[in-house]
Trainee: 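Got a structure for you, questions after.
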Number of protein chains: 2
Amino acid sequence: MDTARQLDTTYKAQPPMEASKPDTATRILDVAERLFVEHGFEATSLRMITQQAEVNLAAVNYHFGSKDALFESVFMRRLTPLIAACLAELDGMEAQFGTLTPEQLVMAFIRPCLALSKDPSRGGALFVRLLSRTLVENHRLLRETLSQQYSVFVQRFGKAFHRALPALGQEDLAWRMHFAFSVMFNAFAGNDVLKIFVRSQIVSARDPDMIVKHLVPFVVAGLTSPPLR
Amino acid sequence: MDTARQLDTTYKAQPPMEASKPDTATRILDVAERLFVEHGFEATSLRMITQQAEVNLAAVNYHFGSKDALFESVFMRRLTPLIAACLAELDGMEAQFGTLTPEQLVMAFIRPCLALSKDPSRGGALFVRLLSRTLVENHRLLRETLSQQYSVFVQRFGKAFHRALPALGQEDLAWRMHFAFSVMFNAFAGNDVLKIFVRSQIVSARDPDMIVKHLVPFVVAGLTSPPLR
DNA sequence: GTCTATACCGTGATAGAC
DNA sequence: GTCTATCACGGTATAGAC
């Protein structure tokens with residue numbers, strides 16, 4: 001078919017009615033992303049993915065190697081730019097303000113997350129949920145890949161936090177960063193820990209701006225409380 | 001075999017060398033608990049469980065109905081007493097001190113968790129990890145069961161928090177409780193959000209007392225920060 | 001290089017004999 | 001209560017078509 005089009009370009013160079021299909025690998029990624037978000041990793045079968053993507057079952061293993069590797073690809077396609085955006089935001093704010101306040105630091109991380117959650121073309125709010133949930137759940141598939149690729153992120157933010165909170169010792173600071181990112185990832189994951197027990201209409205509001213409005217003061221208060229001892 | 005023993009009780013009423021085996025259902029529960037903690041739910045097959053428990057494969061479905069229901073049983077065997085212990089702790093402290101401080105409230109929840117994590121006969125630290133991780137991950141298997149059975153827990157603690165933090169509005173309070181329990185469950189889950197990125201020897205310390213020492217001030221600071229607006 | 005059809009083995013579940 | 005046999009479905013590997 002491609003050769004035919006090349007030979008006779010007058011005969012519809014692009015099929016007019018048929019929406020220009022992305023290539024096989026991209027179709028798989030798009031469908032897999034949606035299904036992983038909707039049903040979770042385990043509950044999504046390769047046969048569901050390949051059927052909706054209109055590709056052969058074996059195409060997944062050909063292009064990605066395994067279901068695990070496919071998940072990693074789906075995940076990294078979004079996370080890599082997000083991490084870069086966070087680092088850029090941090091650099092930009094430090095260039096503008098010098099040493100940042102804890103609140104500014106928290107916002108340097110949160111703002112790109114908010115932007116991503118409002119951009120449907122990059123997965124939108126649903127993907128932020130998948131992303132956060134995967135980080136919170138400490139997914140076996142991502143432990144090695146992430147620690148190799150994104151140690152810069154923690155080192156960079158770690159230094160910034162150390163400058164913003166000079167009164168804290170190394171150990172104290174490490175714990176607080178750990179807790180702070182726990183809350184933030186959990187908030188974006190949208191898993192209402194308390195809604196498991198009782199339906200709380202208030203907290204289950206999915207509006208990201210609403211989350212941030214309450215989240216930031218909580219985290220900043222925890223970070224800036226008096227040093228231990 | 002049972003009939004033989006009943007007819008001739010002189011012939012070893014209890015086999016002497018053989019350690020008295022718990023019944024089938026209990027053996028399944030014990031082995032399943034250990035394997036679920038070690039390998040996770042999906043990675044643990046019924047064939048692994050029944051083999052180590054020395055029971056037939058079909059015994060699981062006979063006694064529990066399904067793998068999902070087995071997980072629920074494993075889980076509830078530990079969670080039900082834990083919830084009861086938290087409520088008892090709260091009642092006891094209120095009887096002693098009247099209206100509690102936010103720190104006392106947090107401790108009313110944390111102390112029973114600590115006790116459980118130090119009791120190997122009830123699953124110990126490993127089970128607390130499974131429990132917290134399951135809550136954090138918002139496991140599909142537990143959503144309905146939990147919200148039905150344990151709404152008392154949130155209602156009871158909600159009232160106590162409301163009395164301890166009278167300056168906060170309903171909405172503000174709900175968010176802060178949500179964040180507070182997020183951090184606490186996450187801490188006990190032992191999923192170091194930051195260790196995903198970089199190996200932090202400091203935070204990865206699994207000593208529960210160490211966790212609490214840093215966790216409580218962080219949570220209390222977040223809870224007691226000035227009301228919004 | 002890409003894609004397809006198909007076979008393989010492990011999984012959870014279940015019916016029916018004992 | 002327990003066991004055997006069998007089922008449909010899961011991820012994966014591979015041989016071969018284009």
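Throughout, protein chains are lettered first and strands after them, A, B, ... in sequence-line order, and every chain is numbered starting at 1.
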Trainee: Need one value for B/T44: base, sugar-phosphate or nothing, where a base atom within 4.0 Å counts as base even if backbone is also close, heavy atoms only.
Mentor: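 Sugar-phosphate only.
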Trainee: On DNA chain D, nearest-nucleotide positions of A/G65 versus B/E54: which is more 5'?
Mentor: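 It is B/E54 whose nearest nucleotide is closer to the 5' end.
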Trainee: So which atom in B/V74 and which in B/A32 form the shortest heavy-atom distance, rounded to 0.1 Å?
Mentor: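 Closest approach of B/V74 to B/A32, heavy atoms only: CG2-CB, 3.9 Å.
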Trainee: I need the single residue from B/T44, B/V60, B/N61 that forms a side chain to side chain contact (heavy atoms under 4.5 Å, CB included) with B/L70. Which is it?
Mentor: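 The option that passes is B/V60.
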Trainee: So for the helix from C/dG1-D/dC18 to C/dC18-D/dG1, with five pairs setting each end axis, what is the inter-axis angle to 10°?
Mentor: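 Answer rounded to 10°: the end axes differ by 10°.
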Trainee: In terms of the angle between their ring planes, are A/F181 and A/F157 parallel, tilted or perpendicular, with boundaries placed at 30° and 60°?
Mentor: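 Answer is perpendicular, since the angle exceeds 60°.
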Trainee: Is A/H178 close to B/H214 at the side-chain level, that is, under 4.5 Å between some pair of heavy atoms?
Mentor: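 No - every pair of side-chain heavy atoms lies 4.5 Å or more apart.
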Trainee: How about A/F185 and A/F109: are their ring centroids closer than 6.0 Å?
Mentor: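 Judged by ring-centre distance (under 6.0 Å), A/F185 and A/F109 do meet the cut-off.
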Trainee: Without decimals, in angstroms, what is the distance between A/I49 CD1 and D/dG11 C1'?
Mentor: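 Atom-to-atom, A/I49 to D/dG11, this comes out as 11 Å.
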Trainee: Rounding to an integer number of Å, can you tell me how far A/D68 CG sits from D/dA13 P?
Mentor: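 Rounded to whole Å, this separation is 11 Å.
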Trainee: More than 12 non-hydrogen atoms from neighbouring residues, nucleotides or ligands closer than 6.0 Å to CD on A/Q51, yes or no?
Mentor: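 Atom CD in A/Q51 is not packed in, count stays at 12 or less.
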Trainee: I need the CG-P distance between A/L57 and D/dG11, as an integer number of Å.
Mentor: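 Going from A/L57 (CG) to D/dG11 (P), I get 8 Å.
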Trainee: A/M107 and A/P112: which non-hydrogen atoms are nearest, and at how many Å?
Mentor: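 Shortest heavy-atom separation between A/M107 and A/P112 comes out as O-CD, 4.2 Å.
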Trainee: Any carboxylate oxygen within less than 4.0 angstrom of a Lys/Arg side-chain nitrogen, looking at B/D209 and B/K118?
Mentor: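 Yes, B/D209 and B/K118 are salt-bridged.
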Trainee: Does A/A59 or B/S66 map to a spot on DNA chain C nearer the 5' end, using the closest nucleotide for each?
Mentor: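 Its nucleotide being nearer the 5' end, the pick is A/A59.
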Trainee: Is a donor on one side and an acceptor on the other found under 3.5 Å between the side chain of A/R122 and the backbone of A/R78?
Mentor: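 Side chain of A/R122 to backbone of A/R78: no pair is present.
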Trainee: Categorize B/A58 for me: base, sugar-phosphate, or nothing, with a 4.0 angstrom heavy-atom threshold over every strand shown.
Mentor: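 Touches a base.
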Trainee: For A/M48 and D/dG11, what is the distance between atoms CE and P respectively, to the nearest whole Å?
Mentor: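 Atom CE in A/M48 sits about 10 Å away from atom P in D/dG11.
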Trainee: Can you check the B/N61 CG to D/dT6 P distance for me, whole Å?
Mentor: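 Atom CG in B/N61 sits about 19 Å away from atom P in D/dT6.
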Trainee: Rounded to whole angstrom units, what separation is found between the CG atom of A/N56 and the P atom of D/dA13?
Mentor: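 Taking atom P of D/dA13 as the reference, CG of A/N56 is at 15 Å.
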Trainee: What is the distance from CZ of A/F41 to P of D/dG10, rounded to the nearest Å?
Mentor: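 Spelled out: CZ on A/F41 to P on D/dG10 is 14 Å.
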Trainee: Earliest and latest nucleotide of DNA chain C, 5' to 3', sitting under 4.0 Å from a non-hydrogen atom of chain A?
Mentor: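 From 5' to 3', the first and last contacting nucleotides are C/dG1 to C/dA5.
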